[in-house]
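Input: a single structure, listed below in structure tokens.
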Amino acid sequence: MCIGLEAISVHVPKHYLDSEDLAKANGVDPEKYRFGIGIRQISIPSPDEDSVTMAFEAARTAIQRYRIRREKIGMLIVGSETGVDAAKPIASFVHGLLGLPAACRTLDTKHACYSATAALKLARDWCAGTGKGRKALVIASDIARYEVGSPGEPTQGAGAVAMVVSDSPVLFRFDDFPEATYTRDVMDFWRPHYKSTAFVQGRLSIESYLSALEHTYRDYREQSGLSWRDFDHALFHVPFSKMALKGFERIFGIERERDPELDPENLTGYFERFTLPSLYGNIRMGNLYSGSLYLSLACLLERRGKAAVGERIGLFSYGSGCCGEYFSGTAGADAEQWKDRIGLQAGLSARKRITHREYLAFRTESEARIRNGSASSSLDRPDIFATNRPSFLGIADNQRLYCIPELGDELSVRQGEASRFRRTFAA
């Protein structure tokens with residue numbers, strides 16, 4: 001049975017900070033961010049956006065544009081490292097906001113940036129087994145946030161990628177080869193429960209990433225029998241875009257062991273062919289944590305269109321801590337199945353550039369909104385109810401409140417009913 005992706009869509013937050021503005025505010029040469037790290041813009045969520053609203057937006061887009069029947073969705077998994085509650089999963093909130101059937105398994109997965117891949121593999125096995133004939137909705141939704149002025153600040157980002165896994169893989173079909181995974185206990189990146197920003201040991205994290213890549217790539221190549229020349233594209237987890245080049249350099253070195261005809265002087269040319277076409281979104285959105293790899297996949301399909309049909313794509317997923325996996329698949333046979341449905345370019349074009357001062361104000365308000373009692377001030381803002389997007393209103397009585405304006409009114413939100421709103425989708 002062929003299992004893979006029937007749908008993929010990207011949600012792009014409505015605001016961005018230009019890397020040049022951040023560099024100037026931090027007293028850094030803008031070239032260091034643009035070329036040293038490989039980032040031009042950073043997606044900045046507004047205070048009424050969080051991992052739940054972004055996951056909902058991406059999923060709603062996928063369901064609508066690909067005409068997915070909600071009653072066919074029997075599993076919903078969210079991969080994220082920016083959960084909103086220590087017990088209740090993001091998936092539960094999203095399930096309610098989407099109005100999915102009660103006969104649906106919901107859960108979150110967590111292992112830093114590897115979480116969405118873990119979710120995807122669980123969904124694949126379920127679709128091939130007890131879930132046969134039904135669909136799994138997998139969402140990667142994250143906000144990468146670091147201390148102001150820290151070395152990690154220019155690698156921030158936010159966004160969500162929704163994928164529908166089924167036995168009708170019209171977009172992307174998983175190759176059926178043995179798994180190639182690698183795990184070690186490494187303190188390269190972590191975020192304690194009492195912190196809203198992460199700690200990073202940058203050099204150790206890069207070393208762990210490359211070590212996991214080398215182990216899994218060698219293992220996958222040996223078990224699958226695939227060679228370098230069997231792949232059309234090589235995609236990587238992208239904490240920052242320059243990391244994809246480091247990853248490519250590592251597997252290029254491995255390939256030269258067997259194929260001395262590979263010219264090291266043409267490394268850049270190979271990179272531009274195999275990997276660069278997938279990085280357009282990452283360069284303009286920043287780090288999506290669990291969604292970074294799948295943003296690259298969505299970008300590759302959207303930008304190449306018909307040229308991607310039938311191409312084999314290798315993917316490396318990494319999560320700090322650490323866990324890595326290498327796998328591959330083939331793009332669908334008909335680009336019309338995803339044309340104008342992914343939403344990346346449209347989302348990027350619709351964004352508004354904010355100043356560094358506005359960015360700091362967004363952060364301050366976001367921190368304030370996760371405190372109990374914060375919802376009351378949000379309810380007095382009529383502009384929230386005028387927008388056509390879901391909003392995180394804050395917390396009241398220790399419960400997170402969400403509003404989809406066209407489905408409810410201010411009174412309903414005041415009564416704490418926002419999380420129980422339902423949306424009816426056309427079949």
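- Atom CG of L295 and atom CD1 of I342 lie 10.5 Å apart (nearest 0.5 Å).
- Within the 3.5 Å criterion, the main-chain N or O of E336 finds a donor-acceptor partner in the side chain of D334.
- Within the 3.5 Å criterion, the main-chain N or O of S9 finds no donor-acceptor partner in the side chain of R341.
- Salt bridge status for R363 with E367: absent, with no side-chain N to carboxylate O gap under 4.0 Å.
- Across all non-hydrogen atoms, the minimal contact from A333 to V309 is O-CG1, 3.4 Å.
- Side chains of E6 and K135 form a contact here, defined as non-hydrogen atoms less than 4.5 Å apart.
- P277 has its side chain out of reach of R303: every pair of non-hydrogen atoms, C-beta onward, lies at least 4.5 Å apart.
- D108 has its side chain out of reach of S80: every pair of non-hydrogen atoms, C-beta onward, lies at least 4.5 Å apart.
- Applying the ring pair (Phe, Tyr, Trp, His ring centres under 6.0 Å) rule to F274 yields the partners W228; only residues at least two apart in sequence or on another chain are considered.
- Using cut-offs of 30° and 60° on the angle between ring planes, the pair F199 and W190 is parallel.
- For CG of D176, the number of neighbouring non-hydrogen atoms (other residues, nucleotides, ligands) closer than 6.0 Å is 12 at most.
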- Item | side chain to side chain donor-acceptor pair (under 3.5 Å) between E153 and S150, worked out | CA-CA 5 Å; E153 190 180 21; S150 70; 5.6 Å; no
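- Between R65 and D340 no salt bridge is recorded (no basic side-chain N to carboxylate O distance below 4.0 Å).
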- Verify side chain to side chain contact (heavy atoms under 4.5 Å, CB included) between T155 and I39, making sure each step is shown before the conclusion. CA-CA 8 Å; T155 68; I39 186 70; over 6 Å; no
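- The side-chain tip of K246 does not point at the ring of F240 from less than 6.0 angstrom away and within 45° of straight on.
- A distance of 9.5 Å separates CD1 in I37 from NZ in K242, rounded to the nearest 0.5 Å.
- Taking the ring axis of Y16 as reference, the NZ or CZ atom of R353 does not stay both within 45° of it and closer than 6.0 Å to the ring centre.
- Note that CD1 of I139 is 11.5 Å distant from CD of E57, once rounded to the nearest 0.5 Å.
- In this structure, a donor-acceptor pair under 3.5 Å is absent between the side chains of N282 and S292.
- No donor-acceptor pair under 3.5 Å is formed between the side chain of E325 and the backbone N or O of Y182.
- Counting all heavy atoms, side chain and backbone alike, A103 lies closest to R134 at O-NH2, 2.9 Å.
- Using a 3.5 Å distance cut-off with no hydrogens or angles, the side chains of T117 and Y294 do pair a donor with an acceptor.
- E81 contributes no side-chain N or O that, together with a main-chain N or O of K110, makes up a donor-acceptor pair within less than 3.5 Å.
- Formation of a donor-acceptor pair under 3.5 Å by the D50 side chain with backbone atoms of T53 is found in this model.
- One N or O on the side chain of E358 and one on the backbone of T355 form a donor-acceptor pair closer than 3.5 Å.
- Side chains of I63 and I73 form a contact here, defined as non-hydrogen atoms less than 4.5 Å apart.
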- Task: Show your reasoning for whether salt bridge (charged side-chain N to carboxylate O under 4.0 Å, His left out) applies to R304 and E311.
- Result: CA-CA 11 Å; R304 282 187 63 76; E311 293 185 325; 2.8 Å; yes
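- Taking both residues in full, the closest heavy atoms of L107 and P89 are given as C-CB, 4.3 Å, listed atom of the first, atom of the second, then distance.
- Nearest heavy atom pair, residue L98 against residue R70, reads O-NH1, 3.5 Å.
- Rounded to the nearest 0.5 angstrom, D175 CG and S328 OG are separated by 3.5 Å.
- Under 4.0 Å is where a charged nitrogen must lie from a carboxylate oxygen, and between E207 and R203 no such pair does.
- A donor-acceptor pair under 3.5 Å is absent between the side-chain atoms of T106 and the main chain of A91, judged by distance alone.
- Here F189 and Y289 bring their ring centres to under 6.0 angstrom of each other.
- Relative ring orientation between F252 and F248 is described as parallel, the plane-to-plane angle staying below 30° on a 0-90° scale split at 30° and 60°.
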- Test side chain to side chain contact (heavy atoms under 4.5 Å, CB included) on Q41 and R351 and set out the steps. CA-CA 11 Å; Q41 299 159 356; R351 295 186 303 173; 2.4 Å; yes
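- At distances below 3.5 Å, not a single donor-acceptor pair connects side-chain atoms of D397 with backbone N or O atoms of Q399.
- No donor-acceptor pair under 3.5 Å is formed between the side chain of S278 and the backbone N or O of C299.
- Both tests do not hold together for R273 against F271: distance to the six-membered ring centre under 6.0 Å, angle to the ring axis within 45°.
- For the pair V84/R400, a side-chain contact is recorded, criterion being any heavy-atom separation below 4.5 Å from C-beta on.
- In this structure, H237 and S317 have side chains that are not in contact, with every pair of non-hydrogen atoms separated by 4.5 Å or more.
- The two residues G394 and A375 have their closest heavy-atom pair at C-CB, 3.8 Å.
- Residues L393 and C403 are in side-chain contact: their nearest non-hydrogen atoms beyond the backbone lie under 4.5 Å apart.
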- Verify side chain to side chain contact (heavy atoms under 4.5 Å, CB included) between D21 and Y359, making sure each step is shown before the conclusion. CA-CA 10 Å; D21 294 338; Y359 151 71; over 6 Å; no
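- Scanning both residues, G321 and H111, for their nearest heavy atoms gives CA-NE2, 4.1 Å.
- Counted by atom type alone, Q156 and N287 present zero donor-acceptor pairs between their side chains at under 3.5 Å.
- Legend: residues meeting salt bridge (Lys or Arg N to Asp or Glu O under 4.0 Å) with E179, ordered by chain and number and at least two apart, are R124.
- Taking the six-membered ring wherever Trp is involved, the centroid distance between the rings of Y209 and F316 falls below 6.0 Å.
- Note that CG of L235 is 5.0 Å distant from OG of S296, once rounded to the nearest 0.5 Å.
- Taken to the nearest 0.5 Å, the CD1 atom of I77 stands 8.5 Å off from the CZ atom of R105.
- Judged by distance alone, the side chains of S349 and Q345 do bring a donor and an acceptor atom under 3.5 Å apart.
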- Task: Apply side chain to side chain contact (heavy atoms under 4.5 Å, CB included) to L5 and L297, showing your working.
- Result: CA-CA 11 Å; L5 303 185; L297 176 60; 4.0 Å; yes
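- No more than 12 heavy-atom neighbours from other residues, nucleotides or ligands sit within 6.0 angstrom of NZ on K306.
- By the 4.5 Å heavy-atom criterion applied to side chains, E214 and R250 are counted as neighbours.
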